[in-house]
J.: 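Submitted below is the structure of interest, expressed as structure tokens.
Within every chain, numbering begins at 1; the chains are lettered A, B, ... in the order of the sequence lines, protein sequences first and strands thereafter.
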Number of protein chains: 2
Amino acid sequence: MEKEENKEKPYICTIKDQEEIRYAQDALYVLNGKWRMPIIVALYNGLYRYREIARNIPGITFAMLSKELQVMELNNLVLRIEDPDFPKTVEYRLTDYCTSLYPIVESLINWGRQHRKVISS
Amino acid sequence: MEKEENKEKPYICTIKDQEEIRYAQDALYVLNGKWRMPIIVALYNGLYRYREIARNIPGITFAMLSKELQVMELNNLVLRIEDPDFPKTVEYRLTDYCTSLYPIVESLINWGRQHRKVISS
DNA sequence: CCGGATCCAACGAGATACTG
DNA sequence: CAGTATCTCGTTGGATCCGG
């Protein structure tokens, strides 16, 4: 980090810019990685079971999903609900906290849909 | 990739889920990495010059910004406008294509702002 | 069927020094 | 001022094996 260099020149910038950039960075910190948002989409659409989720996210492996879900549980993004019956079933749910992220995910989906239309026309 | 395993079971899932997940993945492919979105925010807010941008994105180095801008230019996200005068000045602008991404960035900022409020209260 | 643990490759990211 | 070229390093991502 060579923040010294950045700070040395106070520079005529509107504080607003810096703040918006920081907000974006904060959100990115929570949502970083390749799989976090797709997993949220899956859960949001009612895919709750482990293999169910894995099967519907193109390219993900079980190991990656497992690791991501662990981290997301620690970060309070998902809840893990285990049923002790046999065969063992586990469900994952979005926390309310995570649900508040959905506008971001939604705009992502909308852009993707629009973009698909554009490039295929 | 053990997609074979994923494909083997057609499985009762609504196609809609898969499509939304794919759309999100498409968008993420364009916006991946730690710096792409912050750079877009900076440009969107009227920071056009190289050092101006670097100074206003916390944590970024000149080298990272340089590399990102190159890739973003190739991907048609930014335009590089060089003025041959001395001292040399270069401006970067968002392309229209990139501007269409701004709803995503905006929702990111809004969540970040909201989140800041929540954790500081 | 539900995963976790481990090991390793690939890539992203940063430090540093240098150029026009 | 506006970059580029390497080099290193940590993290992400993935394959494989293991357990309840």
J.: Quick one: is D:dT4 close enough that its OP1 or OP2 comes under 4.0 Å of any side-chain N or O from B:Ser66?
T.: yes
J.: Whole angstroms only, please: what is the CE-C1' distance between B:Met64 and C:dA13?
T.: 5 Å
J.: Rounded to the Å, how far apart are B:Ile60 CD1 and C:dG14 P?
T.: 8 Å
J.: Residues from residues 70-81 of chain A sitting under 4.0 Å of DNA chain C, heavy atoms only?
T.: A:Gln70, A:Arg80
J.: Can you tell which of D:dA5, C:dA13, C:dC1 lies closest to the side chain of B:Trp35?
T.: C:dA13
J.: Report yes if some heavy atom in the side chain of B:Leu31 is under 4.5 Å from a heavy atom in the side chain of B:Ile40; otherwise report no.
T.: yes
J.: C:dC2 phosphate, OP1 or OP2: any side-chain N/O from A:Tyr92 under 4.0 angstrom?
T.: no
J.: Between B:Tyr23 and A:Arg116, does any side-chain donor sit less than 3.5 Å from a side-chain acceptor?
T.: no
J.: CG of B:Leu94 to CE of B:Met72: how many Å apart, nearest 0.5 Å?
T.: 7.0 Å
J.: CZ/B:Arg36 to CG/B:Leu28 distance, rounded to the nearest 0.5 angstrom?
T.: 11.5 Å
J.: Could you list the residues that satisfy ring pair (Phe, Tyr, Trp, His ring centres under 6.0 Å) with A:Tyr29, not counting sequence neighbours?
T.: none
J.: So, is B:Arg49 near the phosphate of D:dC1, with a side-chain N or O under 4.0 Å from OP1 or OP2?
T.: no
J.: From the set D:dG3, C:dG3, C:dA13, return the single nucleotide nearest to any side-chain atom of B:Arg51.
T.: D:dG3
J.: Between B:Lys67 and C:dG14, is there a side-chain N or O to OP1/OP2 distance below 4.0 Å?
T.: no
J.: Return yes if some donor-acceptor pair links the side-chain N/O of B:Glu52 with the main-chain N/O of B:Arg49 below 3.5 Å, else return no.
T.: yes
J.: Kindly point out which of D:dA5, C:dG3, D:dG13 is positioned nearest to the side chain of B:Ala63?
T.: D:dA5
